[in-house]
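Heads up: the structure comes next, in structure tokens.
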Amino acid sequence: MNRVLGDPRAILILLGPALLVYTLVMLVPIFWSLGYTVFEGNPITGFEFVGFGNFVELFNDPKIADALVFTLKYAVVLTIAQVGFGYLLALIYVFWLRKASSLIRTLAFFPVVLPTVAVALLFQELFKIAPVNGLVNDLLNLVGIPSVDWFASPDTAFLVLILMDLWRSMGFYAVLLYAGLVDIPDDLFESARLDGASGWRLVRHIVIPLSLPVLLSSIIFSVNGTLKVFDSVLALTNGGPGNTTTPLTLYMYQTSFTYGEYGYGSTIALLLTMICLLVTIFIFRSSRRDLTKG
């Protein structure tokens, strides 16, 4: 085995097919899209070289500012919610339900495997106001609160979108964080309890520091996923009302495939890529500083 792994030709034969597929599927489209940023047009009308014209338009486009603000707000709120609730569920699995948590973990994880369009239709039915009230408005009417048109206001539409994606995703983060918590040795918990640690003190001084690597991974997964949100917004609100729930991904899609501006759409994609990269680097650097201080 050592002889095989030490042979450059064997390594090339073993890794070559995977590297070829990765290059064709991932790297080539990235550089192809990067090349589009200095052109305008599409394959039907043809392309015209505009240099940095798309970048100038990017910084002068008011819709970009609105889409960027919505994307960042959505990413911050949903990341805090899904990682926070996921961590809370993981703590319940480990310290309260323990061996009886298998059924609850399965039920909590079930929304993750549901199609996004099906979940969006479900939430549209739950929150609808016409022609008949959905379940949520019926419950509000029972306590004397008038029906709310949830998808007519930017704030309420954003709230429904957050609730839907939180319901869909927190089961995944609960299982991911649970896997990190069960690796903590029981001896440490016993020692901490003997020293008088319990409840929040046990979680703060023992559980969180020891589960920090998987917690960091969950935050990175969540941030990158929420910054690139597309399907749930398209299926639930389609960016409405108006453009108030339009993230960068949906605006990029509309620019490229609805209006046929491939170059400007690729420029928006480059902006989103840079944001994801910078946020990931910031999280890594912040966590390293915290670990050093601790």
Side-chain angles (χ1 to χ4, degrees), residues 57-58 60-86 110-173 222-261 264-265 268-269 271-272 275:
E57 183 179 356
L58 183 75
N60 294 321
D61 187 354
K63 291 184 179 180
I64 281 290
D66 295 337
L68 180 59
V69 169
F70 173 80
T71 301
L72 295 176
K73 181 174 77 168
Y74 173 89
V76 170
V77 173
L78 188 57
T79 295
I80 293 173
Q82 63 190 8
V83 175
F85 280 99
F110 179 69
V112 178
V113 302
L114 294 177
T116 303
V117 174
V119 176
L121 290 174
L122 171 64
F123 272 74
Q124 285 176 352
E125 289 296 317
L126 288 174
F127 288 89
K128 73 178 182 179
I129 191 172
V132 293
N133 280 342
L135 177 61
V136 174
N137 279 325
D138 283 339
L139 292 175
L140 292 177
N141 294 159
L142 284 177
V143 296
I145 301 175
S147 298
V148 177
D149 191 352
W150 295 92
F151 299 104
S153 165
D155 293 334
T156 53
F158 178 76
L159 176 62
V160 176
L161 182 61
I162 290 293
L163 291 175
M164 184 186 80
D165 282 340
L166 176 61
W167 182 74
R168 287 179 59 227
S169 61
M170 68 178 181
F172 168 78
Y173 289 95
S222 178
V223 168
N224 280 281
T226 52
L227 285 174
K228 295 180 288 189
V229 61
F230 175 76
D231 52 350
S232 56
V233 175
L234 182 66
L236 185 67
T237 66
N238 197 26
N243 294 318
T244 54
T245 60
T246 300
L248 285 172
T249 50
L250 183 57
Y251 186 41
M252 174 191 67
Y253 173 82
Q254 292 171 341
T255 301
S256 300
F257 301 108
T258 302
Y259 305 117
E261 299 178 10
Y264 189 47
I268 299 172
L271 171 65
L272 182 60
I275 292 172

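Source: prediction; values computed, not measured.
Using modelled atom types, one side-chain atom of N137 and one backbone atom of V148 make a donor-acceptor pair closer than 3.5 Å. T79 places no side-chain N or O within 3.5 Å of a backbone atom of V76 that could act as its donor or acceptor partner. Between the side chain of Q124 and the main chain of A235, a donor-acceptor pair closer than 3.5 Å is present. A donor-acceptor pair under 3.5 Å is absent between the side-chain atoms of T255 and the main chain of G265, judged by distance alone. Remark: side-chain polar atoms of Q82 are not paired, donor with acceptor, to backbone N or O of Y173 under 3.5 angstrom.
Using a 4.0 Å cut-off between charged side-chain N and carboxylate O, D66 and K63 make no salt bridge.
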Inset, instruction - In sequence, state the C-alpha distance, the side-chain angles, and the governing distance for L68 and L72, and then conclude on side chain to side chain contact (heavy atoms under 4.5 Å, CB included). - result: CA-CA 6 Å; L68 180 59; L72 295 176; 4.1 Å; yes
Legend entry - Worked check of side chain to side chain contact (heavy atoms under 4.5 Å, CB included) between D165 and Y74: CA-CA 10 Å; D165 282 340; Y74 173 89; 2.3 Å; yes
Inset, instruction - Take L227 and T71 through the side chain to side chain contact (heavy atoms under 4.5 Å, CB included) test and state the conclusion after the steps. - result: CA-CA 6 Å; L227 285 174; T71 301; 3.9 Å; yes
Inset, instruction - Test side chain to side chain contact (heavy atoms under 4.5 Å, CB included) on K228 and L272 and set out the steps. - result: CA-CA 8 Å; K228 295 180 288 189; L272 182 60; 4.2 Å; yes
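Between L139 and L142 the shortest side-chain heavy-atom distance falls below 4.5 Å. Within the 4.5 Å cutoff, no side-chain heavy atoms of F70 are placed close to those of L248. Taking 4.5 Å as the limit, every side-chain heavy atom of T156 sits out of range of all side-chain heavy atoms of F127. Within the 4.5 Å cutoff, the side chain of W150 has no heavy atoms near those of the I129 side chain.
Scanning all heavy atoms of the two residues, the minimum distance from A152 to P241 falls at O-CG, 3.6 Å. Between A120 and L236 the shortest heavy-atom distance is O-CD1, 3.7 Å. Counting all heavy atoms, side chain and backbone alike, P146 lies closest to N141 at C-ND2, 3.7 Å. The minimum heavy-atom distance between V112 and R168, with the atom names listed, is CG2-O, 3.1 Å. Between V233 and P247, the closest heavy-atom pair is CG1-CD, 3.7 Å.
Under a cut-off of 6.0 angstrom, the local environment of OH in Y253 is sparse, with at most 12 non-hydrogen atoms contributed by other residues, nucleotides or ligands.
Here L234 contributes atom CG and L250 contributes atom CG; the two are 6.0 Å apart, rounded to the nearest 0.5 Å. Put simply, CZ on F151 and OG1 on T245 are 9.5 Å apart, with the number rounded to the nearest 0.5 Å. In this structure, CG in L122 is found 8.5 Å from CG in L114, a value given to the nearest 0.5 Å. The structure places CE of M164 at 4.5 Å from OG of S232, a figure rounded to the nearest 0.5 Å. Note that CD1 of I64 and CG of L271 are 6.0 Å apart. Values are rounded to the nearest 0.5 Å. If you take OH on Y259 and CD on Q254, they are separated by 5.5 Å, rounding to the nearest 0.5 Å.
Between Y251 and the options T246, D61, N243, a side chain to side chain donor-acceptor pair (under 3.5 Å) holds for only D61.
Listed by chain and residue number, F109, F110 satisfy the side chain to side chain contact (heavy atoms under 4.5 Å, CB included) test with V113 (two or more places apart in sequence, or in another chain).
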